[in-house]
Amino acid sequence: MSTTPLVAGAVTFMLALGLVRALWSEQLASLVLDVPNDRSLHVRPVPRTGGVGIMLAVAMVVLLFAGGPRAIVMPALLLAALFLADDVRGLPVGLRFAAQIAAAIWFLAATGPYGVIVLPLLVIGIAWSINLYNFMDGSNGLAGGMAVIGFAAYALAADAAGSADLALLSAIVAGAAAGFLVWNFDPARIFLGDAGSIPLGFLAATIGVLGWQRGIWPFWFPALVFATFIVDSGLTLAKRLVHRENPLQAHRSHYYQRLIRMGWSHRRLALNAYMLMAATAGSALWLRQSSPVVAGLALMAWGCALAVVVAKVDASWHASPQRREALKQKA
């Protein structure tokens, strides 16, 4: 990788490391606490302002290096500010969703034109990515580690293609996420919060879309990089809709949540998820310049492999005493 993205990522790492540490200091830790409830995977109150440290570090280093397309950076920072207010006081669901759609439209309007068929699909896809990251932020080290791997993959691909601004922004986000991860890895001292998960989901989607639009990577590249998150969140949502459950209601039925409930430690889950995502991201980097036939076969192979993983988790869950207990509580 070029020197500038590496330096920017290292600077952001150090800034985020210090900022996030300050946010769980005794003086600031009580500002926004995640108090456990019957749907939580943690048992004690934990500050959830880690995302503030990430986004402050990103903003400072973007200004320092004059890096990153404004159509991505500005909406991401505004989402962070708005959803910090949501972390503190709570915002209506309608306002949250409207802000996500507005950010997606802002980005697409500034980077278009896109076709009349593609445009609404991209708006939905960006909004889905925003919420996907929020859904998957529920286990120590999981979302932070996935951000390090995913944005590092973006940085490597963009740098290899000579897209300096996307490589720089991706390296900055990866560095900030790594600084946060030091304090979020099990046992977590601080959580991401919506002020972190929402803009990270936006950044994952918009950098992915812009890289595809510029021809840096094929359209499937971001999906394979973040396949671990997409499969878990997508299948869980589909199952809840089939069972006529409210998709907006908090729950503990994601695959990663079920593994924790069946006895996996947060650390074991995170390390296994990192290995899986490193494999999908590494494959995406290797395949991005392959022929459509080779890429298609590889994507089919990954689909089969992930289906096996999902089936194994489902089988273990259906045979577990934890599932029987959950069914009793529902009844």
> I need the I172 CD1 to I54 CD1 distance, nearest 0.5 Å.
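Answer rounded to 0.5 Å: 13.5 Å.
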
> Give a yes or no answer on whether the side chain of R288 reaches the backbone of L285 with a donor-acceptor pair at less than 3.5 Å.
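Yes; judged by distance alone, with no hydrogens or angles, the pair exists.
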
> Search all heavy atoms of F219 against all heavy atoms of P222 and return the closest pair with its distance.
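Heavy atoms only, the tightest pair is O-CD, 3.5 Å.
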
> Using every non-hydrogen atom in the two residues, find where V58 and T12 come nearest and quote the distance to one decimal.
N-CG2, 4.2 Å

> Please report the closest heavy-atom contact between S290 and A295, naming both atoms and the distance.
CB-N, 4.4 Å

> Give a yes or no on whether the backbone of P5 and the side-chain of D159 come within a donor-acceptor separation of less than 3.5 Å.
no

> With a 4.5 Å limit on heavy-atom distance, are the side chains of Y114 and V209 in contact?
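Y114 vs V209: side chains touch.
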
> Please check if the side chain of H266 supplies one atom and the backbone of N140 the other of a donor-acceptor pair under 3.5 Å.
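Yes, the answer is positive, given that a donor and an acceptor are paired below the 3.5 Å cut-off.
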
> Are L121 and I230 linked, directly or through other ILVMFWY residues, by side chains that come within less than 4.5 angstrom of each other?
no

> Got a second to check how far F185's CZ is from R267's CZ, nearest 0.5 Å?
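Between F185 CZ and R267 CZ, I get 5.0 Å after rounding to 0.5 Å.
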
> Give a yes or no answer on whether the side chain of N134 reaches the backbone of I130 with a donor-acceptor pair at less than 3.5 Å.
no

> Kindly work out whether a path of hydrophobic side-chain contacts (I/L/V/M/F/W/Y, heavy atoms less than 4.5 Å apart) joins M275 to M277.
no

> Indicate the atoms forming the closest heavy-atom contact of L269 with S139, along with that distance.
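Closest approach of L269 to S139, heavy atoms only: CD2-OG, 3.3 Å.
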
> Any side-chain heavy atom of T4 sitting closer than 4.5 Å to one from L168?
yes

> Considering only heavy atoms from C-beta outward, does the side chain of D314 approach that of K239 to under 4.5 Å?
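SC-SC contact between D314 and K239 confirmed.
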
> Given side chains that start at C-beta, do those of F135 and T236 come closer than 4.5 Å, heavy atoms only?
no

> Please say whether more than 12 non-hydrogen atoms of neighbouring residues, nucleotides or ligands are located less than 6.0 Å from CZ in R70.
no

> Would I72 and F107 count as a side chain to side chain contact (heavy atoms under 4.5 Å, CB included) if you check the C-alpha gap in whole Å, the side-chain angles of each, and the deciding distance to 0.1 Å?
CA-CA 6 Å; I72 295 177; F107 162 75; 3.7 Å; yes

> Does any non-hydrogen side-chain atom of W212 lie less than 4.5 Å from one of F221?
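Not in contact.
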
> Just by distance, do the side chain of W183 and the backbone of L17 share a donor-acceptor pair under 3.5 Å?
yes

> For Y274 and I149, indicate whether the former's side chain and the latter's backbone hold a donor-acceptor pair under 3.5 Å.
no

> Using 0.5 Å steps for rounding, measure from the CD1 atom of I190 to the CG atom of L23.
5.0 Å

> Would you compute the distance between atom OH of Y255 and atom CG of L306 and round it to the nearest 0.5 angstrom?
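CG of L306 is found 11.5 Å from OH of Y255.
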
> Side-chain contact, heavy-atom cut-off 4.5 Å: D137 with L200?
no

> Out of curiosity, does L203 fall in the hydrophobic cluster containing I124 (side-chain heavy atoms, cut-off under 4.5 Å, transitive links)?
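Different clusters.
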
> Using modelled atom types and a 3.5 Å cut-off, is there a donor and acceptor pairing between side-chain atoms of T206 and backbone atoms of F202?
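Looks like yes, one N/O pair under 3.5 Å.
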
> Identify the heavy atoms of I207 and W217 that sit nearest to each other, and give their distance.
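Smallest heavy-atom distance, with atoms named: O-CZ2, 3.2 Å.
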
> Does one hydrophobic cluster hold both F180 and L77, with members joined at side-chain heavy-atom distances below 4.5 Å?
yes

> Which is it for W128 and L237 under the side chain to side chain contact (heavy atoms under 4.5 Å, CB included) test, yes or no, and what are the steps along the way?
CA-CA 11 Å; W128 166 241; L237 177 62; 3.5 Å; yes

> How long is the gap from CD on Q100 to CD1 on I126, to the nearest 0.5 Å?
11.5 Å

> Looking at D194 and R48, is any side-chain nitrogen of the basic one under 4.0 Å from a carboxylate oxygen of the acidic one?
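No salt bridge links R48 with D194.
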
> Any side-chain donor-acceptor pair under 3.5 Å between S163 and D165?
yes

> A80 and M55: which non-hydrogen atoms are nearest, and at how many Å?
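A80 and M55 have their closest heavy atoms at CB-CG, 3.7 Å.
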
> Is there a path of hydrophobic side-chain contacts, each under 4.5 Å between heavy atoms, that joins L82 and M74?
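Unlinked, L82 and M74 end up in two clusters.
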
> Any chance the rings of Y256 and W264 have centres within less than 6.0 Å?
no

> Closer than 3.5 angstrom, by distance alone: can the side chain of Y154 be matched with the main-chain N or O of L169 as a donor-acceptor pair?
no

> At what distance, to the nearest 0.5 angstrom, does CG of L119 lie from CD1 of I105?
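One gets 8.0 Å once the value is rounded to the nearest 0.5 Å.
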
